[in-house]
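Lettering of chains follows the sequences in order, A, B, ..., and the numbering in each one begins at 1. Note that this is a predicted model, so its numbers are computed, not measured.
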Amino acid sequence: MTLLELQRRMEQDVRRPLTAELTMQPRTTEGESMDEIAAAYIRPNSELTSFERLEIYNRQYWFRVIGAVSEDYPALQALLGDERFDALVLAYLKQRPSTSWTLRDLSAHLPQFLEQHAEFASEQHRLAVDIARLEWAYVEAFDGAEIEPLASDELAKLGPESTLALQPHLRLLAVDYPVDEFVLAVKKPEEKAVTSGAAQLRQANVTTTLPAMAPEQRYLAVHRYDDVVYYRTLEESEFRLLKALQERKTIAEAVEIIAGEEQVATIQQTFALSSELGWFCHPTI
Amino acid sequence: MNHKTASNLALAAAFAGLLSGTTARLNAQPVSGHEAGVSGAAIAAGVAMTAQDDQKLPKHSCKGKNDCKGQGGGKNAGKNSCKGKGDCATDGSKPKN
Amino acid sequence: MPANPFNGYTDYGVGIGLRVPHYDHILSRKPVVDWFEIISENYMVDGGRPLRILDQILDQYRVVQHGVSMYFGSAQAPNRDHLRRLKDLVRRTGTPWLSDHLCWGSVDGRYTHDLLPLPYTWEAVRTTAERIRQVQDFLEIPVAVENVSSYAEFHESQMTEWEFLNEVVHAADCGILLDVNNIYVSSRNHEFDPMEYVNSIPADRVAQIHIAGHSQFERYTLDTHDHPVLDPVWSLYARAIERCGPTATLLEWDDNIPTFDEVHAEALKANRFLQPSNVEEAVA
């Protein structure tokens, strides 16, 4: 067996799904004996069989990747409950094993996966997807790149045909539920007001009341300021304006999208806020 | 008001906003710590998403793993806790003094 | 022989792993610590708090990089994006040497994120040494490879683990990050004499030593980094220092992390052995 053959063999076995008892499966889906597979390349010792030695790595793999994904979605877990959340994470990881050297990227596609698999959230599907999108936006805002904001001399060179890049850590989300309140209740339990009639989440010594969720269109800007991740709720027109600029439309084109007499104040306010927070950078004049 | 006038007004508003916002940012005092409200920009930032950003822990380490405690996942359809599995009858972690 | 080509001719003492729960303590109290080791991957991000904190630490302390995903022993070539980001971080930290593990963990573009053991074969020696040379050439700093804790051995192996380590570092002309806790853990799992391992390594290539705690289960031992260092590991450490001389030493503590002071105090126990006059007494 060459080095590459051995590594392909072991990688396949290490990623093999565990049983419900969190042990290594005794047989592959093709019916092959894992005892025989393990014995073919792993030595037993006086305490453990080849199967048991391989099983240590099989379990470690799943504990590590499940942990890495779960850490990023505490609010989604609170919504779905442990049983449905675990089923979702396992299904996701089976379909999307890591293809990155960093565990940071492992859960990047969970919102998209959930979007395509309504069965893991049933009637709460839309809400679950929105929560997942906001939680991943948090991760991206936490350690996304920050570019030098627009300087005053660059400002002077701007014209209607200029484009503006927005900070890479800024994420603009349109959601169908007020999921910011839900995520906040999970991430900052001690600071969140109690909503009557809602479900309860028990986490360590903290008991958090989760807000009841009814459909409500919201527009959110998730970003980092002074190393802390914040969100702001936006008006629809503010969201559309910023989205257009993020898509590298010129200032004139972006403004035109929402232009109208009643929008002048909104336009000024949006540009002022974005500039103050350093969201605009590296313009193409 | 015709379309061209409206567009000009909108553009003027955009550039006025750019100017005032950039000026406010450049004149702002440097902010340290995580207390929202210490400057205008910190207030404008919105709502902090965590009580302490230290809660976002890095994921890489070189330790072995025998459970997935405290991470929610892996309970496998809610039937089994990851904790305490795998022949861990003896914990020899205490120093043998 | 603490300063050698494999640790950039430095003379570091006892350090501890930089961990998030200790950030506030370190930055506000500014404790005297000889050096910190960082897990490179946790700082190979585009921006934000991890890098800001790192820069603040770098203003006041010496930092050495330790990686977990280079996978020198993987049969296929290293990831270029990973290498580029690692080099960026090397420039940022000014680390005098860099370490990662003598293991594999990825194949065909899929990553296990574990430190998987290698078969101790001549093919693995050649492949691993070539990878180490490539990385060392690209990063332009000395590289030290760390022996891992392992829970499985392969029929394919043609030599002992310490013979394999010797062959690899000789062929790659690189340093060793000798993890005496890993030696102990593997000795329990593979039923060999850990002292024979320590006695067999080329002392002049040891750039750094790791110490850590582990967990002993009924039928195997796991490298959990969640406890103080156990006595058998201190004994191996004493012997390693006896052979290598006072060497840069780092305590790893990654789970159930206690206060900074507790971790630092545990690490400083190494000083019992690092003072040459104390070695004989400590071993006895």
(message) Closer than 4.0 angstrom, basic N to acidic O: yes or no for C:D255 and B:K63?
(response) yes
(message) Counting C-beta onward and ignoring hydrogens, is there a side-chain heavy-atom pair between C:V20 and B:P58 closer than 4.5 Å?
(response) yes
(request) Please answer whether the main-chain N or O of B:H60 pairs with a side-chain N or O of C:N42 as donor and acceptor at a distance below 3.5 Å. (result) yes
(request) Hey, could you give me the NZ/CG distance between B:K65 and C:D254, rounded to the nearest 0.5 Å? (result) 10.5 Å
(request) Answer with side chain, backbone, both or neither: which region of C:E252 has an atom nearer than 4.5 Å to a non-hydrogen atom of chain B? (result) side chain
(message) I'd like to check C:H101 versus B:C62 (side-chain heavy atoms, cut-off strictly below 4.5 Å). Are they in contact?
(response) yes
